[in-house]
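Structure record follows, encoded as structure tokens.
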Amino acid sequence: MSEELSANEYRQQRIVNMEKLEEAGFPAFGKAFERTARLDELHEGFEEGKVVKACGRIVGMRKMGKMAFAHLNDGSARFQLMVKKDILGDEVFAAFKLLDLGDIIGIEGEMIITQTGEQTIRISNWMLLSKALLPLPEKFHGLTDVETRYRQRSLDLISNPEVMDVFKKRTEVLREIRRFLDGRGFYEVETPMLQQIAGGAAAKPFKAHYNALNVDVFMRIAPELYLKRLIVGGMDRVYEMNRNFRNEGLDRTHNPEFTALEIYQAYGDMRTMQELIQSMFMHLAETIFGKMEFEWMGNTISLQAPWREVAYYDLIKEHLGDDWFDKTLEEAVAKAEELDVHVEQGMNFKEVTHEIYDKTIEGTLIQPTFITRLPKELVPLANHCPDDPELVDVFELIIGGKEIAPAYSELNNPLEQRARFEEQAAGDGEKIDEDFLAALEYGMPPTGGMGIGIDRLLMLLTGSDAIRDVILFPQLKPRV
RNA sequence: GGGCCGGUAGCUCAGUCGGUAGAGCAUUUGACUUUUAAUCAAAGGGUCCCGGGUUCGAGUCCCGGCCGGCUCACCA
């Protein structure tokens, strides 16, 4: 007996049941059903004696001789059904007992409270809306195999309510972000995902071919250069929240397609973004989660503003000593080795310092922290700090030891922008986006810009340790 | 890419020293009008991830591969 045949036994049995139901006058795949309310709403507005219509999937069934109890789930909640032979009559009751777990039905009945105190609908009538030909995962343990959960998200959602909850929260967060930004006068825009030059970030793009123009195109790695064109054009508050694609590895915090929110506000700067993100995160925490503290990867994180702000050099000194910047390169390398931080031959002092920061300091910043005044070498596309041309006017927001959002006082000097592009192009051979540079030459107002990794934000807000748990269909290797 | 762990019935999992493949749920049949992991009785259900090897005999040991998880590294 093959696995396939065995699985088929369940299917065969359900097809037999389906035929019996059809003979009894219950077509297996019904039409639209008008319900009184969702099951969660019925629980909330429960009223003993009220007659209601509801529908959903049968997720539990306890059959007895002349009555049965079942549980219905419509994705919002579960609701118990009481099914009695003396109410339905012999044939309709017998047909009900032919239903399988997973079948989708519509019912009508009276809301009652059972002896054990559970809100229940005692049904007077029912119809089959859709037959399930395959068995559902087991009722008690549910579906736990992670691989199956990601590959068959439908089943995951059916059998794991907490998974459903995370994805509903995801939708609510996206909706609330839009509402928040719209309320501040931002326009949501859509810019190309198919780009002939993949700019705006340093990452490897996915490549595709466009037949009609016979050109290679790239899936975007960032919308930044297009959004700034809109700032030049006078749309002075814009945001885009959509997918970016990066042709890189896959791990607990990286998926090749991920959702990024980029925000640009003309006549603002990094400070504008700082206020915006604190207000926005607190707003989300308050309105959707009703709390300010979140458990994430073993830490309790408070989003209560104001968040800590520390200049990069001060942070380094805090961890490596006030005299750090008086040290020689050799001393810095020695310290790195002592800390078990791997440094490459030929790295300069700043690079070694940053490597140490990356490996030993960033991870310790659990509570929200703005790191400001970064060395310009680290951030090529930002404006200088007004008081120090060696530093750039940016912040990196770290939460839970992870980078959540960078923000810049955007570079709006087209000559300097061109110089930096040329330097970059010399390094990696990428084409320069001349149209973008031309736009800048018409004049871009001083602008604050920010990028937020939405998936990582959702990990924090929902307490998820893996990005796969906040993305409905994460990338997986194909199954053979 | 390296290391460690895992893949056995539809689902969740056991499987000892290499000796006939197990349980619970689910399914089928029967009993049962207040159950809720319903209960009771009986039955059916397996490509033990794939391919080689060792052996009289492999779910188990060895080699290779696939998929997944954790972790380190790389990339940013």
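In what follows, every chain begins at residue 1, and chains take the letters A, B, ... in the order their sequences are listed. Keep in mind that the numbers below use all heavy atoms, side chains included, and drop hydrogens, waters and symmetry copies.
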message: Using a 4.0 Å heavy-atom cut-off, does A:Arg151 contact any base of the nucleic acid, only the sugar-phosphate backbone, or nothing at all?
response: sugar-phosphate
field: Whole-Å gap separating P (B:A43) and CD (A:Glu9)
entry: 17 Å
task: Look at all strands and tell whether A:Asp465 reaches a base, only sugar-phosphate, or nothing, counting heavy atoms closer than 4.0 Å.
output: nothing
- prompt: Looking at A:Arg62, does any N or O in its side chain come under 4.0 Å of the phosphate oxygens OP1/OP2 on B:A38?
  reply: yes
Is there any protein nitrogen or oxygen under 3.5 Å from a nitrogen or oxygen in nucleotides 1-6 of chain B, and what are the pairs?
none

message: Can you tell me if A:Arg252 touches the phosphate of B:U71, counting only side-chain N or O atoms and a distance under 4.0 Å to OP1 or OP2?
response: yes
- line: Quick note, A:Asp100 side chain, CB onward, closest among B:C70, B:U28, B:U12 is B:U28
- prompt: Rounded to whole angstrom units, what separation is found between the CZ atom of A:Phe140 and the P atom of B:C13?
  reply: 12 Å
For nucleotides 29-32 of chain B, give me every protein contact, N/O to N/O, under 3.5 Å, one pair per line with atom names.
| residue | atom | partner | partner atom | Å |
| --- | --- | --- | --- | --- |
| B:C32 | N3 | A:Gly65 | N | 3.4 |

Candidates A:Asp165, A:Thr462, A:Thr259 - the one meeting side-chain hydrogen bond (donor to acceptor under 3.5 Å, both in side chains) with A:Arg170: A:Thr259
query: Do A:Tyr312 and A:His354 make the cut of ring centroids closer than 6.0 angstrom?
result: yes
query: Counting just side-chain N and O atoms, does A:Thr144 come under 4.0 Å of either OP1 or OP2 of B:C13?
result: yes
- prompt: Got a donor-acceptor pair under 3.5 Å from the side chain of A:Thr120 to the base of B:U34?
  reply: no
field: Spacing of A:Leu155 atom CG relative to B:U12 atom P, expressed in whole Å
entry: 10 Å
query: Rounded to the nearest Å, what distance is computed from the NZ atom of residue A:Lys139 to the P atom of nucleotide B:C11?
result: 17 Å
message: My understanding is that a pair needs two contacts under 3.5 Å, Watson-Crick or G-U wobble. By that rule, which nucleotide pairs with B:G6?
response: B:C67
- request: Grab the CE-P distance between A:Met67 and B:U34 for me, whole Å please.
  value: 6 Å
task: Mind calculating the distance between CZ (A:Arg11) and P (B:G10) to the nearest angstrom?
output: 14 Å
message: Less than 3.5 Å apart, any donor N or O on the side chain of A:Thr191 or A:Arg229 sitting next to an acceptor on the other?
response: no
task: With rounding to the nearest 0.5 Å, note down the distance linking CG in A:Leu143 to CZ in A:Arg149.
output: 7.0 Å
message: Tell me the interatomic distance from A:Ile123, atom CD1, to B:U33, atom P, rounded to whole angstroms.
response: 17 Å
Donor-acceptor contact below 3.5 Å, side chain A:Thr369 vs main chain A:Gln367: yes
query: Would a line drawn from the ring center of A:Phe46 to the ring center of A:His43 be shorter than 6.0 Å?
result: no
- prompt: To the nearest angstrom, how far is A:Leu101 atom CG from B:A38 atom C1'?
  reply: 13 Å
task: Evaluate whether the aromatic ring of A:Tyr10 and the six-membered ring of the B:G10 base sit under 5.5 Å apart, centre to centre, with an inclination under 30°.
output: no
task: Report, as yes or no, whether the 6.0 Å neighbourhood of atom CG on A:Asp340 holds more than 12 heavy atoms from other residues, nucleotides or ligands.
output: no
query: Does a donor on one side chain and an acceptor on the other come within less than 3.5 Å for A:Ser76 and A:Asp40?
result: yes
query: Got a second to check how far A:Met18's CE is from A:Arg11's CZ, nearest 0.5 Å?
result: 9.0 Å
